[in-house]
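Scroll down for the structure; my scribbles are underneath it.
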Amino acid sequence: MTSELLTVPQAMAALKVSRWTLYNLIRSGELNSIVVGVRCRRIPAEALNDYVTRLCEEAA
């Protein structure tokens with residue numbers, strides 16, 4: 001395994017968004033995440049980078 005998994009608070013801090021916004025991105029499919037166990041949601045760092053890259057490409 002080479003991908004770092006971020007917690008919800010870590011992903012929120014990286015994107016500088018609220019919990020509500022982060023979960024909306026996950027629900028809409030714009031940001032990929034995984035569930036570990038029963039309740040532990042993690043966001044692969046690669047998914048976060050992909051999301052930011054897409055935003056930058058759309059803005060250009």
*Give a yes or no on whether Ile26 and Leu6 share a hydrophobic cluster (residues Ile, Leu, Val, Met, Phe, Trp, Tyr; joining criterion: side-chain heavy atoms under 4.5 Å apart).*
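As far as the 4.5 Å side-chain criterion goes, Leu6 and Ile26 are connected within one cluster.
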Contacts under 3.5 angstrom, residues 29-47 side chains, donor-acceptor by atom type, not counting sequence neighbours:
| unit_1 | atom_1 | unit_2 | atom_2 | d |
| --- | --- | --- | --- | --- |
| Glu30 | OE2 | Ser28 | OG | 3.2 |
| Ser33 | OG | Arg41 | NH1 | 2.6 |

Show me the side-chain donor-acceptor pairs of residues 10-18 shorter than 3.5 Å, one per line, residues at least two apart or across chains.
| unit_1 | atom_1 | unit_2 | atom_2 | d |
| --- | --- | --- | --- | --- |
| Gln10 | OE1 | Thr7 | N | 2.8 |
| Gln10 | OE1 | Thr7 | OG1 | 3.3 |
| Ser18 | OG | Thr21 | N | 3.1 |
| Ser18 | OG | Thr21 | OG1 | 3.1 |

*Co-members of Trp20 in a cluster of I, L, V, M, F, W and Y side chains, linked at under 4.5 Å*: none
*To the nearest 0.5 angstrom, please state how far the CG atom of Asp50 sits from the CG atom of Leu55.*
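Reported value, rounded in 0.5 Å steps: 11.0 Å.
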